Amino acid sequence: MKHSIRLLFLLLIGFQSINYAFGQETVFKIKKDTSSSSMKTLFKPHKLTSFGVSLQSQMLFGKGGPERAMGFQVHLNNKLSLGIASFNSNPRNDDPNRYADEPRRRFNALTMEVTPMANKVFHLSFPLAIGRIQEEAPLINYPAYPGTAYQPLPYRQAHDRFSNGPRALGVQPGINLEVNLFKYVKVFGGANYRFAFGEEKTDGMAKAAGTIGVKVGVFDYRIRSANAH
């Protein structure tokens, strides 16, 4: 009789243990592995919430004389801008003998600009231009012909003044103070430095310059969410 009672007691304990092990409240809980459901990355791209486009005009003042620049930019989330730009030396009344004047230069580049707080009236932007610097070949405008000191205009127009000149890689970082003048107009001023790299680079290709300019366009056109009503 005692053995039967002990056996029933042990069976009761066994069933209770099974109930705890496989019932709703378990002694050991196994956590579901969800790591394979989505990939984790170190850098998470930001969702595109706004975009814009603009035209930019600026003047650079520094070594080698002033330069004019025109550019086109695409604005993403009103913080990052990507585009193209062309910087060209201003036309000057050159010395006909081409001994004293500064050679003209052209800098065609891809541009990137970071503007952390573009919605503030006064804010900083950090432009970067990377492209090709070209310098006109010496005496290309005034070839030496017997009895002539100045070649007629049609000859000069028929030839690209930069085709035979030295070339180099240009990298131009800078910093600007921008002002939101109107919703579609910004003005800016700042400074930059142009580095030149390559076997054909000249001393005049690298330069520090101050800049002033204006941007006209749509900078922060908001994209409506697909779930918005």
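Numbering of residues begins at 1 and proceeds along the displayed sequence. As the structure is a prediction and not an experimental result, all values here were calculated from the model.
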**Asked** Mind checking who shares a hydrophobic cluster with Met70, ILVMFWY linked at side-chain heavy-atom distances under 4.5 Å?
**Response** none

**Item:** Asn78: partners by side-chain hydrogen bond (donor to acceptor under 3.5 Å, both in side chains), with sequence neighbours left out
**Value:** Asn119

**Message:** Can you confirm whether Leu60 sits close enough to Asn192 that some side-chain heavy atom of one is under 4.5 Å from a side-chain heavy atom of the other?
**Reply:** yes

**Message:** Among residues at least two apart in sequence or on other chains, which ones pass side-chain hydrogen bond (donor to acceptor under 3.5 Å, both in side chains) with Asn108?
**Reply:** Ser86

**Request:** Name all pairs fulfilling the salt bridge (charged side-chain N to carboxylate O under 4.0 Å, His left out) condition that reach into residues 163-173, sequence neighbours left out, sorted by first residue then second.
**Result:** none

**Request:** Mind jotting down which residue pairs meet the salt bridge (charged side-chain N to carboxylate O under 4.0 Å, His left out) criterion with at least one end in residues 170-195? Sequence neighbours excluded, please.
**Result:** Glu67-Arg194, Glu178-Lys215

**Fill in**
Residue pairs meeting ring-ring contact (aromatic ring centres under 6.0 Å, His included), one or both in residues 61-88, sequence neighbours left out, come to His75-Phe219, Phe87-Phe107

**Message:** Would you say that more than 12 heavy atoms from the other residues, nucleotides or ligands in this model lie under 6.0 Å from the OH of Tyr184, or not?
**Reply:** no

**Asked** Taking side chain as C-beta onward, heavy atoms only, is Leu82 less than 4.5 Å from Thr111?
**Response** no

**Item:** Under 3.5 Å donor-acceptor, Asn77 side chain and Lys47 backbone
**Value:** yes

**Message:** In the structure I gave you, are the side-chain heavy atoms of Leu177 and Phe188 within less than 4.5 Å of one another anywhere?
**Reply:** no

**Prompt:** How about Phe197: does its CZ atom have over 12 heavy atoms from other parts shown lying under 6.0 Å from it?
**Reply:** yes

**Asked** Under 3.5 Å, side chain of Glu136 to main-chain N/O of Arg104, donor-acceptor pair present?
**Response** yes

**Prompt:** So with a 6.0 Å cut-off around NZ of Lys120, is the heavy-atom count from everything else above 12?
**Reply:** no

